[in-house]
Each structure stands twice: as C-alpha cells, then as structure tokens.
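Read the structure below first, then the notes.
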Amino acid sequence: MFKMLKEDIEVIFEQDPAARTYLEVVLTYSGLHAIWAHRLAHACFKRKFYFIARVISQVSRFFTGIEIHPGAKIGKRLFIDHGMGIVIGETCEIGDNVTIFQGVTLGGTGKEKGKRHPTVMDNALIATGAKVLGSITIGENSKIGAGSVVLKDVPPNSTVVGVPGRVVIQDGVKIKKDLNHSDLPDPTADRFKAIEAEMAELQRELEGLKEERRKINAN
C-alpha cells in the first residue's frame with residue numbers, strides 16, 4: 001500500500017511541471033487527495049462496508065470536487081490534473097498510468113445494468129470535458145480529445161475527437177474520414193441553408209409566372 005501511495009505522488013512530478021516539492025503535492029493537490037480517499041473507500045467497499053465507503057467518497061467529493069464511486073476499480077499511477085467536475089461511476093475500471101483532466105465523466109447511459117460504465121486501459125489519456133459513456137472500452141495508449149462524447153469502443157493506440165466521438169488517428173496513421181472540429185454538424189446552419197434553397201426556388205417560380213404574364217399581356 002505504501003508503495004502505491006508513493007507512486008501516486010511520483011506520477012505527479014512526472015506529469016506536472018508545476019509540482020515543486022513533496023510537501024506541496026501532498027497538501028495542495030486535490031487530485032491526489034481524491035485518489036487516496038478513493039483507495040480507502042474502495043477497501044471499505046470490498047469488505048461490504050458500503051455506508052462507510054459512501055461517506056468517505058462524499059466527503060472527498062465535498063473537499064475536492066471529484067466524485068469517484070467507491071466501487072470503481074483504479075490501477076496504479078492515475079494522474080488527475082486539476083480534477084474539478086470529474087465523475088467516475090461504480091463499475092468503471094481504470095488501468096495503470098492513465099491521465100484524466102477536469103470535467104471528465106466516465107458514466108453510464110442510464111440503460112444498462114451490471115457493468116454499465118467504461119473500462120479505460122493502460123496509458124490512456126482523457127482530455128478536458130470529455131464524456132465516455134456506457135460499458136465500452138478505451139484501448140491502451142488511446143487519447144480522447146477535449147469535449148468529445150464517446151459511446152463506442154475505442155481501439156488501442158487511437159485518437160478520438162468530436163460529438164459523437166470518432167477515431168481520427170490509429171496506430172499513428174490518420175483515418176481518411178478525418179473529423180475536424182470545424183466539420184462538426186451545425187443544425188442551425190443547415191436549416192438556414194435549406195431556407196435559402198427554398199427561397200431561391202420560390203424566386204425562380206415567381207420569375208417564371210411573371211414571364212408567362214408578360215407573354216399573355218403581349219398577346
């Protein structure tokens with residue numbers, strides 16, 4: 001256990017250039033506090049002390065802004081950067097050396113029972129505001145872009161962006177159907193284009209009626 005706690009500290013120094021001293025990290029890093037509180041809550045949860053486990057997790061949520069269900073399984077060297085607004089569901093499983101930024105949700109869709117939250121494999125990175133929902137798997141070494149909504153399995157060594165999330169890079173190669181954020185669907189703009197097309201068609205019909213009227217008047 002002591003070795004794991006030490007690794008939780010060391011990964012912060014590796015990932016965060018702002019970390020200066022052990023004392024600073026231990027006392028001021030809310031992500032570290034949330035992980036340590038979860039390890040205690042999870043130990044209680046496994047021993048079926050469910051109420052105590054939930055109390056610990058809720059106290060941690062109050063102080064850190066990070067909500068981790070006591071039933072979630074978290075591996076070694078998880079790095080939570082900033083962390084405010086992170087939600088990790090009960091049946092979520094997180095591997096080793098995973099990085100999670102603020103505003104991330106690892107949640108369910110509300111339709112499943114049993115295993116209903118994501119599995120995040122080793123060395124994955126989930127960027128700010130991403131939502132990973134359902135009993136899906138994020139493959140090893142994969143990256144989820146900021147603000148993405150992921151509802152399907154992500155292969156290993158992939159980069160996902162967009163709403164809904166799509167794989168744009170896999171094994172270092174760009175996918176042909178690349179999706180840039182500028183290409184995301186815009187229902188409002190699409191509706192305006194449809195209205196413009198309808199107006200243009202009405203204008204052509206009106207011009208046609210005027211032309212017929214001129215011909216009738218000429219006769």
Side-chain angles (χ1 to χ4, degrees), residues 15-16 30-31 34-35 38 61 64-69 71-75 78-198:
Q15 298 278 0
D16 188 357
S30 59
I35 293 170
H38 172 73
R61 176 181 180 272
T64 67
I66 300 168
E67 182 172 347
I68 308 176
H69 192 284
K73 298 177 182 179
I74 294 178
L78 171 64
F79 176 53
I80 294 178
D81 198 5
H82 301 293
M84 180 64 71
I86 287 176
V87 177
I88 299 175
E90 178 183 8
T91 62
C92 185
E93 299 179 28
I94 299 175
D96 298 336
N97 300 301
V98 171
T99 299
I100 300 177
F101 289 88
Q102 68 269 23
V104 165
T105 298
L106 302 178
T109 63
K111 299 178 181 180
E112 304 105 334
K113 294 182 180 180
K115 181 69 169 77
R116 59 192 184 279
H117 298 107
T119 296
V120 181
M121 304 300 286
D122 297 348
N123 306 309
L125 182 148
I126 305 178
T128 305
K131 312 301 177 188
V132 184
L133 307 176
S135 181
I136 61 176
T137 299
I138 306 301
E140 294 181 357
N141 308 307
S142 289
K143 298 177 181 179
I144 309 300
S148 300
V149 177
V150 184
L151 303 173
K152 297 180 180 180
D153 290 343
V154 175
N157 309 305
S158 300
T159 299
V160 171
V161 300
V163 182
R166 292 179 57 183
V167 176
V168 295
I169 297 176
Q170 186 172 359
D171 296 321
V173 179
K174 286 188 175 182
I175 304 300
K176 291 183 179 180
K177 293 183 179 180
D178 200 344
L179 179 66
N180 297 316
H181 284 285
S182 59
D183 298 327
L184 294 176
D186 188 340
T188 303
D190 292 343
R191 183 56 184 159
F192 275 123
K193 290 179 180 179
I195 292 173
E196 289 177 353
E198 291 173 3

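Each residue takes its place number in the sequence, starting with 1. What you see is a predicted model, and the numbers here were worked out from it, not measured in a lab.
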Search all heavy atoms of [X] against all heavy atoms of [Y] and return the closest pair with its distance.
X	Y	answer
Ala146	Ala127	N-CB, 3.5 Å
Ala130	Gly145	CB-O, 3.8 Å
Ile68	Ala34	CD1-O, 4.1 Å

All N/O donor-acceptor pairs, side-chain side in residues 151-165, below 3.5 Å, sequence neighbours left out:
residue : atom : partner : partner atom : Å
Asp153  : OD1  : Thr137  : N            : 2.8
Asn157  : OD1  : Asn141  : ND2          : 3.1
Asn157  : ND2  : Asp171  : OD1          : 3.3
Ser158  : OG   : Pro155  : O            : 3.0
Ser158  : OG   : Pro156  : O            : 3.2

Output the distance between atom [atom1] ([X]) and atom [atom2] ([Y]), rounded to the nearest 0.5 Å.
X	Y	atom1	atom2	answer
Ile35	His38	CD1	NE2	9.5 Å
Ile138	Leu106	CD1	CG	8.5 Å
Gln170	Ser142	CD	OG	8.0 Å
His82	Ile66	NE2	CD1	11.0 Å
Phe101	Ile126	CZ	CD1	10.5 Å
Thr119	Ile136	OG1	CD1	9.0 Å

Could you list the donor-acceptor pairs under 3.5 angstrom formed by side chains in residues 84-99, with sequence neighbours left out?
residue : atom : partner : partner atom : Å
Glu90   : OE1  : Arg116  : NH2          : 2.7
Thr91   : OG1  : Arg116  : N            : 3.0
Thr91   : OG1  : His117  : N            : 3.0
Thr91   : OG1  : His117  : ND1          : 2.8
Asp96   : OD1  : Lys76   : N            : 2.7
Asn97   : OD1  : Arg77   : NE           : 2.7

Check whether more than 12 heavy atoms from other residues, nucleotides or ligands sit under 6.0 Å from atom NZ of Lys143, and answer yes or no.
no
Could you give me the CA-CA distance, side-chain angles and deciding distance for Val132 and Val104, then say whether side chain to side chain contact (heavy atoms under 4.5 Å, CB included) is met?
CA-CA 8 Å; Val132 184; Val104 165; 5.5 Å; no
